[in-house]
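A quick write-up on the structure given underneath.
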Amino acid sequence: MPASSPTRLRTTATVLGTLLVVLVEMALLTGVWHLGDGLEREREATAAVRGTLAATSSPAMPADVAALRGSVDALVATGTDRGRPLARLVDAADHLAAAPGDAESLAAARTATAALGADLDRARTRVALTAAAIHAALLLVASVGWFVWFRRIVDRHRAVERRLTAQQVVDQGERRLLELVRYSADLLVVVEQDGTLSFVSPSTRAVLGRDPKPYLGAGLSRLLGDEAIPVIRLMESGRAGVHPATARVTHADGRRLVLEGTASNLLHEEAVGAWVLALHDVTDQQALAEQLSHQAFHDPLTGLANRALFTDRLAHALQPRTEPVPTAVLFLDLDDFKNVNDSRGHSVGDRLLVVVADRLRGTVRPSDTAARLGGDEFAVIVEQADAAEATALAERILLAISAPIEVEGTVWAVHGSVGVATAASGQTSTEEMLRNADVAMYWAKEAGKNTVARYDDARHAASLDVRALEHELARAIDGDELVLHFQPTVDLDTGRVAGFEALVRWQHPQRGLLPPSDFIPLAERTELVVPLGSWVLREACRAGATFGEGPDVPTVAVNVSARQLLRPGFAEEVASVLDASGMPAERLVLELTESVLLDDFAGVERTLTRIRALGVWIAIDDFGTGYSSLSYLSQLPVDILKVDKSFIDRVTTEDHAASVTLAILEMSRSLKLLTVAEGVETDEQAAWLQARACGRGQGFLWSRPVPLAEARAMLAA
Ligand code: C2E
Ligand code: MG
Ligand code: MG
């Protein structure tokens with residue numbers, strides 16, 4: 001392997017270098033070792049000379065001299081280089097050889113030997129020091145060398161270790177990447193420049209239910225079908241970068257799937273050199289998104305368009321066009337639907353709503369938009385329809401929804417009120433159009449429900465006046481713009497004033513004194529009738545308390561509307577007003593119309609019983625015009641029946657009116673009720689009534705409603 005040859009070279013060089021260093025070091029050590037060898041020989045020779053001299057006595061014998069001569073020669077033979085001491089020794093030896101008895105020469109030989117020894121010792125010390133220095137130097141060099149070398153080896157080892165670890169990480173990363181691709185839920189496809197697939201991820205099995213192998217080397221369209229064409233075109237274009245890619249493909253089991261992802265141009269990426277297509281299955285998400293968007297624009301209960309979609313379509317229909325197109329909006333509100341929910345629960349209500357929605361859908365044209373705006377409110381956009389066509393459609397809708405619907409064994413007849421608004425495109429806003437249809441729907445309700453009303457501007461303007469009036473009335477109740485007038489009720493036998501009816505008027509700052517017909521219906525439609533009624537009750541009792549005391553003091557009658565009566569706490573209010581005013585309960589009469597009884601019979605019965613228990617009289621006003629029924633009269637704590645003016649008007653001129661009045665009088669008598677004839681205007685009427693034992697009368701014949709002061713004057717007279 002070529003990668004390892006520098007390593008081997010390096011290893012060889014290291015080994016050779018080490019050997020060389022060891023050899024050099026050994027040579028040096030050997031050199032140092034033998035450095036003192038010459039001196040040692042000199043020392044031995046010198047010692048021999050010294051020994052010879054020691055054995056020589058003075059004067060020296062020729063044998064000693066010969067011995068000395070021999071040892072000195074041996075010393076010289078060592079090649080010693082001791083200069084002067086050696087020269088002196090040789091000289092002395094020479095002298096002794098010539099004159100063996102010369103004591104001086106012997107002494108000189110001894111001195112020279114001593115000097116030689118000392119010189120030799122010094123030289124040995126020097127050599128020893130040098131050897132030690134060289135040893136130390138060698139040791140140092142060797143140590144430093146070893147240290148450096150060892151460090152380099154360690155460093156190299158570490159570097160190798162690091163390289164190995166890094167390589168291991170890379171290898172692991174690659175392995176992991178490979179596993180990720182293998183187990184990825186995404187479909188990964190590598191498309192070579194020539195359009196063939198060089199890699200198809202194993203996830204193909206999971207995503208498409210197909211084995212990836214047969215696709216290798218094939219074209220992309222084999223895998224994705226015709227859906228591949230745009231992607232293939234993109235790849236052929238060679239556009240750089242990452243591009244979104246979508247494909248609808250068929251799973252092996254026949255399911256249609258939506259795949260979404262990216263096509264990345266990695267042709268210039270050295271490691272890839274191809275296109276990479278990564279797709280994942282978004283079928284469920286897309287279905288969910290479609291479902292959510294349907295939910296966002298449709299009513300979940302009925303499946304009709306919701307308000308958002310309705311408004312959007314209406315805005316579209318009302319957009320300005322070169323040729324204006326008539327558009328109609330129908331606003332349908334089911335009549336008294338609240339009763340269904342209240343009496344039978346929401347599940348029954350919901351099922352009725354679903355049926356109504358189906359019928360609505362079945363009645364309108366496919367091009368029309370039927371919507372549920374909430375609760376029991378529906379609306380339809382009818383494009384290209386004038387008011388007459390729209391009204392006809394509205395009537396067909398009412399007819400369709402009114403067919404009996406059976407839910408849980410009960411057959412329901414659902415009715416509704418429809419408001420119709422029309423406009424040409426570009427002439428009005430969605431809000432205005434819807435509001436107009438809504439306003440018209442209320443007119444249909446006012447007209448008695450189960451009918452269609454068409455919106456018109458003039459009528460709406462009038463109703464806006466009503467709105468203004470409503471504000472003013474609220475102010476009038478709080479201020480002191482209301483006044484009470486009193487109309488007497490007369491005992492038909494004696495002609496005596498038996499009671500007064502308190503009738504409210506509105507002293508309007510601009511419009512003068514307004515009769516109740518101008519504002520009571522308005523007050524009744526709103527909550528205003530409640531504070532208004534409380535005011536009347538208080539004022540009437542206050543006035544009644546001033547009428548005096550005794551059995552003949554007239555009663556005071558107060559009209560009470562349904563809303564007032566049905567409010568919790570009304571009986572307590574009556575009691576506290578009586579208490580506060582000091583008016584005796586038996587002198588107060590509360591007048592109710594029959595319509596009151598329709599809403600909540602049981603509630604009315606409860607309240608009336610409690611009021612009656614206080615001692616207050618209960619009268620049925622305008623009797624005969626409403627839902628007169630014997631049964632309620634016998635069930636309720638009623639004391640007085642006021643026969644409506646419409647009968648009295650014709651009682652002397654029409655047989656029919658006379659016989660109805662007679663029947664009422666008869667019934668009243670049998671129930672032991674007091675009868676009051678309303679609206680008596682002529683003596684004939686009064687006489688007719690008196691002859692038939694009608695107890696009391698009220699009407700212009702005796703007096704119109706008058707201010708309190710006049711009523712008092714009337715009493716005094
Ligand atoms: P109502 O309770 O039936 O009162 C009798 C109405 O008939 C009074 O009209 C009275 O002026 C009128 N009237 C009486 N005798 C004759 C007659 O001989 N000929 C004619 N043409 N009319 C006669 P008013 O005062 O305009 O009141 C109308 C209605 O307004 C009352 O009918 C009552 O239902 C209601 N109303 C008046 N005041 C109040 C009130 O304080 N509270 C409530 N809730 N309703 C009131
Ligand atoms: Mg009345
Ligand atoms: Mg009346």
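Values in this document were obtained by computation on a predicted structure and should not be read as measured data. Atoms within each ligand, like the ligands themselves, are counted from 1 in listed order.
With respect to the salt-bridge test (charged N to carboxylate O, under 4.0 angstrom), the residues Lys338 and Asp376 do not qualify. Under 4.0 Å is where a charged nitrogen must lie from a carboxylate oxygen, and between Glu591 and Lys642 at least one such pair does.
For Asp622 (side chain) and Thr625 (main-chain N/O), no donor-acceptor pair under 3.5 Å exists by modelled atom type. With hydrogens and angles ignored, the 3.5 Å screen pairs no side-chain donor or acceptor of Asp491 with any backbone N or O of Ala498. Side-chain N or O atoms of Asn306 include one that pairs as donor or acceptor with a backbone N or O of Leu309 at under 3.5 Å. Judged by distance alone, the side chain of Trp506 and the main-chain N or O of Pro516 form no donor-acceptor pair under 3.5 Å.
Those atoms of ligand 1 with a heavy atom of Gly679 less than 4.0 angstrom away are 15 (N), 16 (C), 17 (C), 18 (O). Heavy-atom contacts of Val536 reach the following atoms of ligand 1: 41 (O) (cutoff under 4.0 Å). Taking a cut-off of under 4.0 Å to the non-hydrogen atoms of Gly699, the atoms of ligand 1 that pass are 15 (N), 18 (O).
One side chain, Arg344 or Thr410, offers a donor N or O that lies under 3.5 Å from an acceptor on the other. A donor and an acceptor atom, one from each side chain of Ser534 and Glu573, are located under 3.5 Å apart. Between the side chains of Arg454 and Thr422, no donor N or O sits under 3.5 Å from an acceptor N or O. For Asp299 and Thr302, the side-chain atoms include at least one donor-acceptor pair closer than 3.5 Å. Checking Glu605 against Gln635 by side-chain atom types alone, no donor-acceptor pair falls below 3.5 Å. Under 3.5 Å, the side chains of His508 and Glu472 contain a donor-acceptor pair of N or O atoms. Looking only at atom types and distance, the side chain of Thr555 has no donor-acceptor partner in the side chain of Arg587 under 3.5 Å away.
For a threshold of 3.5 Å applied to N or O pairs, the pair formed by Gln487 and ligand 1 contains at least one separation below that value. Residue Phe700 has at least one nitrogen or oxygen atom sitting less than 3.5 Å from a nitrogen or oxygen atom of ligand 1, judged on distance alone. Annotation: Gln698 places no N or O atom under 3.5 Å from an N or O atom of ligand 1; distance criterion only. At a 3.5 angstrom cut-off on N or O pairs, Glu678 counts as close to ligand 1.
If you look at Asp621 and ask which of its N, O or S atoms sits nearest the Mg ion (ligand 2), the answer is OD2. Checked against the Mg ion (ligand 2), the N, O or S atom of Glu591 at the shortest distance is OE1. Restricting Glu501 to its N, O or S atoms, the one at the least distance from the Mg ion (ligand 2) is OE2. Nearest N/O/S atom of Asp622 with respect to the Mg ion (ligand 3) is recorded as OD1.
Not a single protein heavy atom sits closer than 4.0 Å to atom 6 (C) of ligand 1. For atom 32 (O) of ligand 1, no protein heavy-atom neighbour is present inside the 4.0 Å cut-off. Inside a 4.0 Å radius of atom 12 (C) of ligand 1 there is not any protein heavy atom.
The protein non-hydrogen atom at the shortest distance from atom 42 (N) of ligand 1 is Asn559 O, 3.5 Å. The nearest protein atom to atom 1 (P) of ligand 1, hydrogens excluded, is given as Asp621 OD2, 3.7 Å; this is a heavy-atom distance. Atom 35 (C) of ligand 1 has its closest protein heavy atom at Pro516 CB, 4.3 Å. In terms of protein heavy-atom proximity, atom 19 (N) of ligand 1 is closest to Glu681 OE2, 2.6 Å. If you check which protein heavy atom lies closest to atom 20 (C) of ligand 1, you get Lys645 CE, 3.0 Å. Ranking protein heavy atoms by distance to atom 8 (C) of ligand 1, first place goes to Leu503 CD1, 3.8 Å.
Among the backbone and side-chain atoms of Glu678, none of the N, O or S atoms lies under 2.8 Å from the Mg ion (ligand 2).
Of the heavy atoms in Val680, only backbone atoms (N, CA, C, O) come closer than 4.0 Å to ligand 1. Within the 4.0 Å heavy-atom criterion, neither part of Val558 lies near ligand 1. If you look at Val504 next to ligand 1, the close heavy atoms, those under 4.0 Å, come from the backbone and the side chain alike. When heavy-atom distances to ligand 1 are checked against a 4.0 Å cut-off, Glu501 comes that close only through its side chain, counted from C-beta outward. When non-hydrogen atoms are compared, ligand 1 lies under 4.0 Å from the side chain of Pro705 (C-beta onward) but not from its backbone.
Asp621 has its side chain within reach of Glu501: a pair of non-hydrogen atoms, C-beta onward, lies under 4.5 Å apart. Contact of the Leu330 side chain with the Ile397 side chain is registered, since non-hydrogen atoms from C-beta on lie closer than 4.5 Å.
Taking each of Arg505, Glu591, Lys642 in turn, the one with a heavy atom nearest to atom 25 (O) of ligand 1 proves to be Arg505.
Judged by the shortest distance from any of its heavy atoms, Arg704 lies outside the 4.0 Å radius around the atoms of ligand 1.
Both tests do not hold together for Arg567 against Phe570: distance to the six-membered ring centre under 6.0 Å, angle to the ring axis within 45°.
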